[in-house]
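Structure first, commentary second.
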Amino acid sequence: MTATRVLVINSGSSSVKYQLLDMRDHSRLAVGLVERIGERSSRLRHTPGRGGEVRERTGPIADHASALKSVAEELAADGLGLDSPELAAIGHRVVHGGKRFTEPTVIDEPVLKEIERLIPVAPLHNPANLTGIRTALALRPDLPQVAVFDTAFHTTMPEAAARYAIDVETADAHRVRRYGFHGTSHAYVSRETAKLLGRAPQEVNVIVLHLGNGASASAVRGGRCVDTSMGLTPLEGLVMGTRSGDVDPAVVFHLKRVGGMSADEIDVLLNTRSGLVGLCGDNDMREIRRRIDEGDERAQLAFDVYIHRLKKYIGAYYAVLGRVDAVVFTAGVGENAAPVREAALAGLEGLGLEVDPALNTARADGPRVISPEGARVAVAVVPTDEELEIATQTYALVGGGSA
């Protein structure tokens with residue numbers, strides 16, 4: 001029997017998201033989430049694929065080891081246990097791979113040590129990713145397990161895009177450079193956009209706008225990333241739900257010297273109390289639009305700042321690419337907020353960028369073009385699928401081919 005299943009694990013600091021996929025047809029055999037790990041109010045929500053009934057567990061789940069054991073029990077209850085001979089591999093999302101990891105990598109002890117060495121540049125993410133990996137390895141030490149890195153797709157950026165203009169020796173000593181994130185999403189969406197246009201990825205230049213609570217843009221030339229908006233950390237770039245995106249670095253010094261804030265307080269401010277929530281108190285675009293419709297000025301300001309920054313990056317990446325075949329919106333806001341798509345491209349008709357109002361507002365689920373027929377540059381909406389991308393890369397690496 002050929003093993004065709006891949007379990008995808010995304011381990012956060014207090015949560016574990018998982019999906020079990022059959023790579024023959026990319027179907028979801030199970031989807032689930034364990035949240036509030038380490039609390040008395042922990043919850044596991046498990047959904048078997050193909051119309052199965054949602055099951056939920058509540059009560060204390062002490063740690064990630066307990067969480068993954070509970071996941072294994074739920075899968076086994078559906079006949080999909082981790083001991084199944086049909087399970088080919090486990091794919092793990094790892095946020096930061098630094099410069100070393102440029103592609104998916106089979107996990108061994110040296111790989112684990114390198115992921116651990118990168119913790120200083122990803123202190124919120126890599127420790128949690130490591131915990132999930134080590135727990136899964138303990139459960140199935142005989143099974144191939146693969147790390148798929150958020151940063152890998154962006155390692156093709158030229159030095160001119162990846163370097164900050166600071167002292168080179170200092171930067172190298174502390175691994176300070178632009179790494180970029182959301183790489184699995186940008187890779188998947190740019191490739192699916194080429195498919196939507198009926199062309200090979202190597203033939204098209206695409207600006208990808210991944211707009212969720214976290215948000216990033218990328219310039220993709222012929223299937224390779226040449227620039228992206230996030231940097232050393234996911235804080236740089238676009239205005240996000242709770243993150244500021246680009247700010248003058250001197251703001252940090254000003255808040256410390258004049259505001260009396262500590263480095264940790266400024267970190268919290270820029271990562272959790274800024275962006276849309278800092279501007280208007282909400283980070284849900286649907287709520288912001290509702291408030292705008294009621295005449296709320298702060299909500300309007302937040303929307304305007306968000307769109308202004310987004311438009312700047314679209315223009316910048318148009319210049320970087322020189323020729324653009326498509327601008328594509330993805331993730332929660334990008335896929336669902338027609339007003340964001342319309343506003344982001346308003347006034348850019350001279351660049352060949354515009355949306356068809358009817359196509360833009362029509363309800364649809366799959367990949368679609370929303371620009372007018374005959375437009376010089378295609379504008380598209382392509383739902384992202386990071387789990388499928390992780391599973392596909394994992395399966396290809398362990399000998400499953402390119403399912």
Side-chain angles (χ1 to χ4, degrees), residues 12-15 35 124 181-182 185 207-218 228-231 233-256 258-317 327 329-348 353 355 357 360-361 363 370 379 381 384:
S13 58
S14 61
S15 67
E35 55 187 342
L124 300 178
F181 299 89
H182 294 150
S185 177
I207 297 173
V208 180
L209 305 171
H210 177 110
L211 308 179
N213 193 49
S216 60
S218 68
T228 192
S229 58
M230 287 179 168
T233 76
L235 181 59
E236 187 180 356
L238 303 177
V239 175
M240 304 176 223
T242 66
R243 299 180 196 138
S244 64
D246 294 337
V247 295
D248 180 348
V251 168
V252 175
F253 313 135
H254 179 80
L255 292 174
K256 180 174 175 59
V258 178
M261 297 176 68
S262 68
D264 287 344
E265 288 172 331
I266 297 170
D267 192 345
V268 169
L269 170 70
L270 296 179
N271 277 288
T272 69
R273 292 171 42 219
S274 296
L276 293 173
V277 79
L279 289 165
C280 73
D282 270 310
N283 63 334
D284 187 322
M285 187 59 72
R286 294 164 298 186
E287 180 64 15
I288 291 171
R289 291 300 309 175
R290 185 195 65 78
R291 288 172 54 185
I292 289 172
D293 291 342
E294 294 179 352
D296 189 309
E297 292 184 0
R298 283 190 64 187
Q300 184 67 63
L301 174 64
F303 185 80
D304 291 346
V305 173
Y306 182 95
I307 294 298
H308 182 79
R309 184 80 54 81
L310 183 56
K311 189 171 293 191
K312 281 176 64 176
Y313 269 91
I314 293 169
Y317 287 171
V327 172
F329 294 84
T330 193
V333 175
E335 293 168 29
N336 297 296
V340 168
R341 299 191 295 260
E342 178 184 11
L345 300 182
L348 300 182
L353 294 171
V355 298
N360 186 40
T361 55
R363 295 185 64 84
I370 60 170
V379 178
V381 178
T384 191

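Keep in mind that what you see is a predicted model, and the values were worked out from it rather than measured.
When every heavy atom of Leu310 is checked against every heavy atom of Ala344, the shortest pair comes out as CD2-CB, 3.6 Å. Of all heavy-atom pairs spanning Val340 and Ile307, the tightest one is O-CD1, 3.8 Å. Minimum heavy-atom separation, Arg309 to Leu238: CG-CA, 3.8 Å. Scanning both residues, Val252 and Ile266, for their nearest heavy atoms gives O-CD1, 3.4 Å. The two residues Asn336 and Gly332 make their nearest non-hydrogen contact at ND2-O, 2.8 Å. The two residues Tyr313 and Asp246 have their closest heavy-atom pair at OH-OD2, 2.7 Å.
Formation of a donor-acceptor pair under 3.5 Å by the Thr228 side chain with backbone atoms of Ala217 is found in this model. The backbone N or O of Gly334 sits less than 3.5 Å from a side-chain atom of Arg341, completing a donor-acceptor pair. A donor-acceptor pair is defined here as one N or O able to donate and one able to accept, closer than 3.5 Å; such a pair exists between the side chain of Thr330 and the backbone of Thr384. The backbone N or O of Leu255 sits nowhere less than 3.5 Å from a side-chain atom of Glu265 that would complete a donor-acceptor pair. Between the side chain of Asn271 and the main chain of Arg243, no donor-acceptor pair closer than 3.5 Å is present. Looking at Ser216, its side chain never comes within 3.5 Å of a backbone N or O of Ser229 through a donor-acceptor pair.
One distance of note links OH of Tyr306 with CE of Met240; it measures 9.5 Å at 0.5 Å rounding. The distance from atom CD1 of Ile314 to atom CD1 of Ile207, rounded to the nearest 0.5 Å, is 7.0 Å. Rounding to the nearest 0.5 Å gives a distance of 7.0 Å between CG of Asp296 and SG of Cys280. Atoms OG1 and CG, from Thr233 and Asp267 in turn, are 8.5 Å apart once rounded to the nearest 0.5 Å. Distance check: Met261 CE to His254 NE2 gives 11.0 Å after rounding to the nearest 0.5 Å. Of the inter-residue distances, the one linking Leu279 atom CG with Ser244 atom OG reads 10.0 Å to the nearest 0.5 angstrom.
Between Leu276 and Met285, the closest side-chain pair of non-hydrogen atoms falls below 4.5 Å.
With Arg291 as the partner, the side-chain contact (heavy atoms from CB on, under 4.5 Å) test is satisfied by one option alone out of Arg298, Arg286, Glu297: Arg298. For the pairing with Val355, the side-chain contact (heavy atoms from CB on, under 4.5 Å) check across Val327, Asn360, Thr361, Val381 returns one residue only, Asn360.
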Handout entry: Worked check of side chain to side chain contact (heavy atoms under 4.5 Å, CB included) between Phe329 and Val379
Key = CA-CA 8 Å; Phe329 294 84; Val379 178; 3.9 Å; yes
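Summarising the local packing, CD of Glu35 is surrounded by more than 12 heavy atoms from other residues, nucleotides or ligands at distances under 6.0 Å.
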